[in-house]
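First comes the structure, then the notes that go with it.
Atoms within each ligand, like the ligands themselves, are counted from 1 in listed order. It should be emphasised that the depicted structure is a prediction, and the values quoted were computed from it without experimental measurement. Sequential numbering from 1 along the given sequence is applied to the chain's residues.
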Amino acid sequence: MSFYLGIDVGTSGTKTLLIDEAGVVQAEASAEYPLHQPRAGWTEQDPEDWWQATVTTVRQVIKAAKCKPADVRAIGLSGQMHGSVFLDKKDRVLRPALLWNDQRTVAECEEITQRAGGRKALIKMVANPALTGFTAPKILWLRNHEPKKFDRLAKVLLPKDEIRRRLTGEYASEVSDASGTLLLDVVKRNWSKKLLGKLDLDPDLLPPVFESEDVTGTLTTAVAEQLGLTTDCKVVGGAGDCAAGAVGNGVVRSGVLSTSVGTSGVMFVHSDKPQYDSEGRLHTFCHAVRGKWHMMGVNLTSGGSLQWWVDSILQGLAGIDTKQRYEAATREAEQAAAGSGGLLFLPYLNGERTPHADPHARGAFVGLNTTHGRGQLTRAVMEGVTFALRDSLEIIRSLDVPVKEIRVSGGGSKNPLWRQMQADVFGKKVATLAVEQGPAYGVALLAAVGDGAYKSIEQACKATISVAETTPAQRKATNTYNALFPIYQRLYSSLKQDFASLAELQ
Ligand SMILES: Nc1ncnc2c1ncn2[C@@H]1O[C@H](COP(=O)(O)OP(=O)(O)O)[C@@H](O)[C@H]1O
Ligand SMILES: O=C(CO)[C@@H](O)[C@H](O)COP(=O)(O)O
């Protein structure tokens with residue numbers, strides 16, 4: 001029997017699981033680590049924390065599954081996208097990694113756009129506009145703000161690719177995650193020498209780029225010993241967490257769309273050819289499926305908004321564990337009617353990406369009155385997050401991309417109220433999968449494909465992934481949300497200037 005490991009280096013923690021060749025999960029483990037915010041809008045993590053979490057969870061999973069080391073044939077890696085691991089020539093980490101939701105690079109985004117010859121020229125080279133979360137502006141930030149460290153810079157790796165380096169001793173990336181650096185020619189699926197030249201960046205700073213199912217190396221002797229595996233164990237390219245999650249949801253063909261309510265919110269659609277939103281609100285990235293692409297809208301503080309609300313604001317619920325806190329809060333939200341009594345919430349707590357690429361945008365409750373209670377406020381937070389996903393869905397629909405089926409995933413979608421709310425806000429039934437294991441499952445499948453257990457990723461998904469349940473939209477709630485959504489959409493335009501003025505005062 002062959003087994004495959006999937007490792008997802010997430011923002012809140014690393015999740016690892018082991019599947020057999022039929023795709024059945026044998027064991028899983030997770031380990032959390034801190035996120036550092038040295039200033040408002042800055043987010044950083046220590047790559048060493050990711051490595052320790054990887055070692056701990058792999059060892060736990062191997063111990064629990066009781067499989068023979070030689071039977072673990074391949075590993076797939078997934079991780080939070082866009083993060084920058086800066087290494088010197090001896091592979092020493094130069095500073096904490098800047099993360100996907102870090103907003104410090106506004107000036108560097110302008111610099112990139114200008115050096116590229118304007119926004120249109122940039123999109124032609126790398127399929128996307130410059131956004132603060134992406135990796136290229138982080139490299140320029142290091143050059144502009146920490147020049148001594150930049151002088152020692154030898155390699156820039158994405159979070160999961162740093163884990164790959166530690167597992168195999170190899171520098172490598174793959175097309176889906178590399179798309180989010182803003183340095184990949186997304187159409188040609190290789191680094192854009194043209195943009196690197198215009199940015200005056202040495203191409204050697206970047207690792208070779210593979211397709212997601214390609215084998216990029218095998219475990220080093222020391223690591224194989226440390227993890228209780230063998231040096232024959234392969235490590236495949238893997239995928240950024242969005243593409244990996246999509247593979248884990250079976251979103252590997254046209255017409256199927258997935259949403260994820262994690263810390264971030266993602267609306268992801270498969271595409272057989274590169275397709276663009278001319279306004280650059282959706283990202284156009286390579287899919288983890290060979291020769292395919294995807295578009296996605298990303299909300300920076302999606303489930304993260306409910307997490308903030310429940311953990312930081314609902315102090316009355318302190319003292320009970322996280323799961324119970326969410327359950328208690330959402331039970332109260334369930335008592336409130338759809339539309340939260342005319343209360344709207346904007347989930348832009350840390351700025352936003354889709355549809356408003358605005359690092360200065362902030363959260364807001366609008367429409368408060370003295371009859372509103374805690375349940376309505378909690379419900380408004382969940383509805384605001386769901387409206388933000390609908391913003392992406394509307395852009396996808398406006399591009400004539402077929403939307404036949406919506407599959408929901410992520411921690412938030414495990415909650416029945418949030419599943420129903422998504423169906424009602426989208427005005428379309430949503431599906432949940434029999435086994436929803438997210439990005440770690442997706443890359444474990446990629447590892448199985450890389451090892452030859454399946455002919456293709458499409459075949460692997462067909463054999464292992466099935467829909468368990470569908471939640472239809474309720475007409476009355478959909479009507480309420482259809483009436484509120486245009487008001488929600490107008491609020492950002494009304495407040496945009498004030499968000500900018502507030503930012504100046506900080
Ligand atoms: N029981 C629950 N009810 C509602 N939302 C939940 C529940 N449990 C988790 N969540 C939401 O899921 C989010 C975490 O989802 P997850 O997919 O684990 O995120 P990530 O991988 O980004 O850390 C939390 O921020 C929270 O909003
Ligand atoms: O920035 C993006 C995708 O473009 C995020 O999706 C990150 O990849 C992190 O995701 P989570 O840790 O919230 O799942």
Side-chain angles (χ1 to χ4, degrees), residues 8-15 30-33 35 43 45 50 78-83 98-103 128 131-135 158-160 176-177 179-182 239-246 248-249 258-268 282-285 294-312 320-334 347 349-354 357 378-379 381-382 384-386 392 408-422 436-442:
D8 175 30
V9 187
T11 313
S12 49
T14 287
K15 297 174 197 166
S30 59
E32 299 197 341
Y33 31 70
L35 180 143
T43 55
Q45 272 174 339
W50 304 331
S78 161
Q80 47 174 305
M81 299 180 69
H82 317 294
L98 278 57
L99 304 192
W100 57 277
N101 48 1
D102 188 292
Q103 298 283 18
N128 294 282
L131 300 177
T132 44
F134 289 176
T135 323
L158 293 162
K160 74 164 195 327
S176 69
D177 216 2
S179 299
T181 60
L182 199 74
D241 61 356
C242 298
N249 286 330
S258 65
T259 72
S260 166
V261 180
T263 306
S264 63
V266 177
M267 175 76 67
F268 183 109
L282 299 178
H283 312 337
T284 296
F285 287 172
H294 72 86
M295 280 192 290
M296 68 176 177
V298 178
N299 305 124
L300 294 184
T301 322
S302 184
S305 290
L306 186 67
Q307 189 181 355
W308 159 79
W309 177 248
V310 169
D311 286 352
S312 304
I320 54 176
D321 79 17
T322 315
K323 189 159 182 275
Q324 288 175 328
R325 269 207 300 279
Y326 282 122
E327 277 164 13
T330 54
R331 256 198 313 276
E332 289 181 349
E334 233 161 344
L349 297 171
N350 296 310
E352 187 52 299
R353 252 203 247 157
T354 307
T378 303
R379 187 172 185 116
V381 170
M382 297 170 79
V385 165
T386 317
S392 296
V408 295
S409 64
S413 303
K414 293 205 167 90
N415 183 293
L417 174 65
W418 223 337
R419 280 205 297 277
Q420 183 65 57
M421 201 179 275
Q422 289 186 70
E436 202 255 291
Q437 290 284 0
Y441 190 77

Nearest 0.5 angstrom please: Thr354 OG1 to Leu300 CG, how far?
8.0 Å
Can you confirm whether the side chains of Thr132 and Gln103 place a donor and an acceptor under 3.5 Å from each other?
yes
Does ligand 2 have an atom that lies less than 4.0 angstrom from a heavy atom of Gly262?
no
Can you work out which protein residues put a heavy atom within less than 4.0 Å of ligand 1?
Ser12, Lys15, Val261, Gly262, Thr263, Gly303, Gly304, Leu306, Gln307, Tyr326, Gly410, Gly411, Gly412, Asn415, Trp418
Do Trp100 and Thr43 meet the criterion of a side-chain donor-acceptor pair at a distance under 3.5 Å?
no
Using a 4.0 Å cut-off to any heavy atom of Cys242, which atoms of ligand 2 qualify?
3 (C), 6 (O)
I need the nearest protein heavy-atom contact for atom 1 (O) of ligand 2: residue, atom name and distance, please.
Arg353 NH2, 2.7 Å
Report, in ascending order of atom number, the atoms of ligand 2 lying under 4.0 Å from any heavy atom of Met81.
3 (C), 7 (C), 8 (O)
To the nearest 0.1 Å, how far is atom 4 (O) of ligand 2 from its closest protein heavy atom, and which atom is that?
His82 NE2, 2.6 Å
Do Asn299 and Glu352 have a side chain donor and acceptor closer than 3.5 Å?
yes
Could you grab the distance from atom CE of Met81 to atom CG of Leu158, nearest 0.5 Å is fine?
8.0 Å
Looking only at distances, can you tell me whether any N or O atom of His283, backbone or side chain, sits closer than 3.5 Å to an N or O atom of ligand 2?
no
When you measure from the side chain of Thr135 to the backbone of His82, do you find a donor-acceptor pair of N or O atoms at a distance under 3.5 Å?
yes
Under 4.0 Å from a heavy atom of Thr11: give me the atoms of ligand 2 that qualify, with their elements.
9 (C), 11 (P), 12 (O)
Should the ring pair Phe268 and His294 be called parallel, tilted or perpendicular, given that the plane angle runs from 0 to 90° and is split at 30 and 60?
parallel
Run down the list Asp8, Asp241, Leu158, Val261 and name the one with the heavy atom closest to atom 10 (O) of ligand 2.
Asp241
In terms of residue, atom name and distance, what is the protein heavy atom nearest to atom 6 (O) of ligand 2?
Ser264 OG, 3.2 Å
Exercise: do Thr330 and Trp418 side chains pair donor with acceptor under 3.5 Å:
no
Close N or O approach (Gln80, ligand 2; < 3.5 Å)
no
Examine the side chains of Gln422 and Ser413 and answer whether a donor and an acceptor come within less than 3.5 Å of each other.
yes
Asn249 and Tyr441: side-chain contact (heavy atoms from CB on, under 4.5 Å), yes or no, with the steps?
CA-CA 9 Å; Asn249 286 330; Tyr441 190 77; over 6 Å; no
Are a donor atom and an acceptor atom from the side chains of Tyr33 and Thr14 found within less than 3.5 Å of each other?
yes
